[in-house]
Amino acid sequence: MSDWKTVRELALAFPDVEEDVSGRTTFRVRGKLFAWMARERDGGGLAVRVDRDEKQLILDSNPEVYFTSSHYNGYPGVQIRLEAIDRAELQERLEDAWLIQAPKRLAAEFLSD
């Protein structure tokens, strides 16, 4: 089980991440959105960027954790039920989202550490 405190801690651990809490909480790497608080009208939860080709695989892998709404149809993002995901899996999903949006050089430096 995870919560927003855990999301914040994990997301801010990646290089060059900025958090914006002026509206819905968002996390960006050098200006590119990789994780955000989904709107309640769209089902809520945490939304993260995913590889477009892997979206359906992720959704099918664990429907108790991953879901989508009509708002995200055609968009490379999935929603996560924080109460249903453990910390390790959440970290993996945030890392994948961060890697998708991070500049190539920054991602390469991160992976080489």
**OP:** Give a yes or no on whether the backbone of Arg28 and the side-chain of Trp36 come within a donor-acceptor separation of less than 3.5 Å.
**Re:** no
Subject >> Any donor-acceptor pair under 3.5 Å from Gln79 side chain to Ser69 backbone >> reply: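 At least one qualifying donor-acceptor pair exists.
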Original post:
Quick one: CD1 on Ile85 to CD on Glu64, what's the gap to the nearest 0.5 Å?
Top reply: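 So the gap between those two atoms works out to 12.5 Å.
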**OP:** Rounded to the nearest 0.5 Å, what's the gap from CG on Asp16 to CZ on Arg30? Could you check?
**Re:** 4.5 Å
Compare every heavy atom of [Y] with every heavy atom of [X], then report the nearest pair and how far apart it is.
X: Val29; Y: Phe34; value: N-CD2, 3.8 Å
X: Val48; Y: Leu94; value: CG1-CD2, 4.0 Å
X: Tyr72; Y: Ala38; value: OH-CB, 3.7 Å

Identify whether [X] and [Y] are in the same connected component of the hydrophobic contact network (ILVMFWY, side-chain heavy atoms under 4.5 Å).
X: Phe110; Y: Leu12; value: yes
X: Leu57; Y: Tyr75; value: no
X: Leu10; Y: Val21; value: no
X: Met37; Y: Leu90; value: yes
X: Leu33; Y: Trp4; value: no

Side-chain touch [X]/[Y], heavy atoms, less than 4.5 angstrom:
X: Tyr66; Y: Ile80; value: yes
X: Asp96; Y: Val50; value: no
X: Leu106; Y: Trp98; value: yes
X: Phe14; Y: Leu99; value: no
X: Arg8; Y: Thr25; value: no

Original post:
What residues, two or more places apart in sequence or in another chain, satisfy side chain to side chain donor-acceptor pair (under 3.5 Å) together with Asn62?
Top reply: none
Original post:
So which of Arg49, Lys55, Gln56 actually passes side-chain contact (heavy atoms from CB on, under 4.5 Å) with Val78?
Top reply: Lys55
Subject >> Contact list for residues 67-92, test salt bridge (charged side-chain N to carboxylate O under 4.0 Å, His left out), sequence neighbours left out >> reply: Glu9-Arg87
Original post:
Can you check side chain to side chain contact (heavy atoms under 4.5 Å, CB included) on Arg93 and Leu46, steps first, answer last?
Top reply: CA-CA 11 Å; Arg93 192 58 54 216; Leu46 170 69; over 6 Å; no
Subject >> Pair Asp3-Thr6, side-chain donor/acceptor within less than 3.5 Å >> reply: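 There is such a pair between these side chains.
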